[in-house]
Amino acid sequence: MDKAELAGALGSPAAFGQSQFAFVRGNAFEARVKADGGTELLRLLVERLGGGTEPPAAAVVPDLTAAGPEGRTARTALALREATAAGEWALLDHPMLVLEVAGSPAYLEPDAVVVHPDGTWTVVEIKSFPMVDGSADASKVGAAARQSAVYVLALERIAAVTEGAEVGHRVLLVCPKDFSNLPTASVVDVRKQRAVTDRQLTRLTRVEDIAAALPEGTTFDPGCSPEELGTAVEAVPAAYAPECLAACELAFHCRAKSRADGAVESLGRSVRGELGGLTTVAGVLAAAAGKEGDPADPTVAALRRAAALRAEALAGVSGGVPCH
C-alpha cells in the first residue's frame with residue numbers, strides 16, 4: 001500500500017520530506033560526481049580504498065533500463081555478471097536490487113555500484129551533507145552506513161551465484177568537501193550494520209502470517225471512511241516511538257493514538273524500558289503518588305523517591321530557600 005496516501009486518508013498526513021531546494025542540490029551534486037563516465041568517482045574510490053593501482057581512464061557504464069522493477073533487477077544482475085566475467089572496471093549507475101523482507105520483495109536503488117577488475121563489488125553512496133575537515137555528522141554517516149548495509153546484503157545474493165564475485169564490506173561515502181560543491185569521500189566499514197540488519201530480517205514476522213491474523217474483510221483501501229481505515233490499521237500491532245516520526249508515514253497517526261491512550265511509548269523507547277510493567281502515563285503518576293503499585297517493585301520505589309525529591313525541592317523554592 002501507499003502509506004503516505006493511507007496516512008492522508010486517516011487525517012494524519014506525513015509532515016516530512018526533502019525540500020525541493022535540497023532535492024535539486026543533491027541531484028546536481030550526484031551528477032557532478034558521476035560526470036565523464038564517473039572519472040572523479042573512480043579516482044576517489046581508488047584513492048580511498050588503496051591497493052596501489054592507478055585510477056582507470058574510463059569504465060564501462062552498462063545500460064540498465066528495462067520495463068518495471070523486475071526487469072531492471074534482472075538487467076542489473078546480468079550487468080554485474082558480465083562485468084565480473086570480463087574483468088574490467090564497470091560503473092552501474094542507479095542499479096536495481098531486490099531483497100526479501102518478511103516474505104515480500106523490496107526493491108532497492110543504490111546511487112552506484114562499482115565492479116573492480118578482480119571481481120570485487122563496491123557500493124557507492126552519494127550524500128549532499130558536507131564533510132568538513134575530513135569528517136561528517138556522525139548520525140548522518142551512521143544512517144548512510146545502515147542504508148548501505150542493506151545494499152550489501154542484496155548484492156551478496158547475486159554474488160553467491162556469480163563466479164569470481166565478492167561484495168566489499170567497505171562502502172565509499174561521497175559528500176561535498178567543506179561547504180563547496182567539490183566531491184570528497186571516505187570509506188565506511190559496514191560489517192556491523194550488515195550483521196545487525198541480517199539478524200533483524202530473519203526475525204521479522206512474514207507478511208502472510210500478519211495477513212492471516214487480520215479479521216475477515218480487512219482492507220486498507222484509502223477510499224474507505226477514516227473510521228473503517230482506523231479500525232483496519234489498529235488490527236495490525238504497532239510499536240510507536242518518537243523515532244518513527246523520521247521514517248514512517250503513519251507515525252503521526254500512531255502518535256495521536258499513543259497520546260490518546262496515555263501510553264508511555266510516546267515518551268521514547270528508553271523511558272519505556274525504564275518503567276517496566278507500567279505501561280500508561282496515568283499508571284506512572286499513580287505509582288509515584290503512592291496510590292497504586294507494589295512498594296517492593298524497584299520501579300515504583302524509584303518513582304516515589306523521585307516524587308518525594310521533587311516535592312521537597314518545590315517546597316524549598318516556595319519557602320524562599322534556594323534549591324541547589
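Looking at Leu49 and His116, their side chains come closer than 4.5 Å, going by heavy atoms from C-beta outward. Looking only at side-chain heavy atoms (C-beta outward), Val124 and Val113 stay at 4.5 Å or farther from each other. Contact check for Tyr240 versus Leu245: side-chain heavy atoms found under the 4.5 Å cut-off.
A salt bridge links Glu30 to Lys34: one of the charged nitrogens lies within less than 4.0 Å of a carboxylate oxygen. Classification of Glu100 and Arg206 as a salt-bridged pair holds, one side-chain N sitting under 4.0 Å from a carboxylate O.
Closest approach of Val132 to Phe179, counting heavy atoms only: CG2-CZ, 3.9 Å. For Pro183 against Val33, the heavy-atom pair with the smallest separation is CB-CG2, 3.8 Å. Here the closest non-hydrogen pair linking Thr202 and Arg199 is OG1-O, 2.7 Å. Contact record, Val281 with Ala263: CG2-O, 4.3 Å, taken as the closest heavy-atom pair.
Residues Val152 and Val196 fall into different hydrophobic clusters, defined by Ile, Leu, Val, Met, Phe, Trp and Tyr side chains chained together at heavy-atom separations under 4.5 Å.
In terms of modelled atom types and a separation under 3.5 Å, the side chain of Asp111 and the main chain of Ile126 share a donor-acceptor contact. At least one donor-acceptor pair closer than 3.5 Å links the side chain of Thr76 to the backbone N or O of Met96.
Defined by atom type and a distance below 3.5 Å, a donor-acceptor pair is missing between the side-chain atoms of Asp178 and Ser180.
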